[in-house]
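Heads up, the thing below is written out as structure tokens.
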Amino acid sequence: GEQVEQLPSSLIVQEGASVLINCSYTDSASVYFPWYKQEPGKRLQFIIDIRSNMERKQNQRLTLLFDKKTKHLSLHITATQPGDSAIYFCSASSSNTDKVVFGTGTRLQVSP
Amino acid sequence: GPKVLQIPSHQIIDMGQMVTLNCDPVSNHLYFYWYKQILGQQMEFLVNFYNGKVMEKSKLFKDQFSVERPDGSYFTLKIQPTALEDSAVYFCASSLRAGQNTLYFGAGTRLSVL
């Protein structure tokens, strides 16, 4: 079945820095890739998504890049703020299943 | 945005007892999911449910687990009997359509099996 890996598993940066979170998946049938953010002790919240017919999507300080050939995604967050501190999850779902598989998560800590 | 409610937020029970975790999904959503979060990070898929039926389940969805949504009320996850390794945070999620849609998550139920 689909496996989704994320690197790094954790990141500590100073406020204002940019960060890059990498995600790779194994199932070439995966077509939809939403990302979620989980602040400490809270629910997961959707932040950005991309479909397999796109290469790039931007939402304010978030830019998501997708490479279908290498089965790789990367989330770029610019001008980080302490409020960005959370666990970030990449996820994947395919055209032939209703299952949504989550990545291993990246814990981001932004210091003031 | 739309909210998924989970009740209770924390449940402590003795090993071997039965527990039911309740989820009130977004009102017009049709697909429902349970995930188990282990060690505060890894989100493991357990099961998804549509039109009164389990669509898919993972190896973590043991025989002691069951789900149902009787008459459009709560979407429940029942564990009977519980084991120590069932201790985790369980998240319910719902979506309007099948897997290729955004999931809306509840705040989770922390289950502690003693």
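We name chains A, B, ... by the order of the sequence lines, and we start the count at 1 in each one.
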* Cluster link A/F66 to A/L20, ILVMFWY, side chain under 4.5 Å ->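 Each belongs to a different hydrophobic cluster.
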* Set of ring pair (Phe, Tyr, Trp, His ring centres under 6.0 Å) partners for B/Y104, sequence neighbours left out ->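 For B/Y104, the residues satisfying ring pair (Phe, Tyr, Trp, His ring centres under 6.0 Å) (neighbours in sequence not counted) are B/H29.
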* To do: Using the test ring pair (Phe, Tyr, Trp, His ring centres under 6.0 Å), find all partners of B/F75 that sit at least two apart in sequence or belong to another chain.
  =>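 Result, ring pair (Phe, Tyr, Trp, His ring centres under 6.0 Å) vs B/F75: B/F32, B/W34, B/F49.
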* **CA sep, side-chain torsions, deciding dist, call: A/Q38, B/Q37, side-chain hydrogen bond (donor to acceptor under 3.5 Å, both in side chains)** => CA-CA 12 Å; A/Q38 184 183 27; B/Q37 188 167 42; 2.9 Å; yes
Taking the side chain as C-beta and beyond, is there a heavy-atom pair between [X] and [Y] under 4.5 Å?
X      : Y     : answer
A/L44  : B/M43 : yes
A/F102 : B/F45 : no
A/T104 : B/Q42 : yes

* Got a second to check how far A/S93's OG is from B/N101's CG, nearest 0.5 Å? ->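 CG of B/N101 is found 8.0 Å from OG of A/S93.
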* Please look at A/Y36 and chain B and tell me whether the side chain, the backbone, both or neither of the residue comes under 4.5 angstrom of a heavy atom of that chain. =>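 Side chain only.
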* Measure distances from A/S10 to the heavy atoms of chain B and classify the residue's part below 4.5 Å as side chain, backbone, both or neither. =>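 When you check distances to chain B, no heavy atom of A/S10 falls under 4.5 Å.
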* **Atom group of B/E56 that falls short of 4.5 Å from chain A, counting heavy atoms** =>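 When you check distances to chain A, only side chain atoms of B/E56 fall under 4.5 Å.
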* Is there a donor-acceptor pair under 3.5 Å between the side chain of A/R43 and the backbone N or O of B/K3? ->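 Pair absent, no side-chain N/O of A/R43 close to backbone of B/K3.
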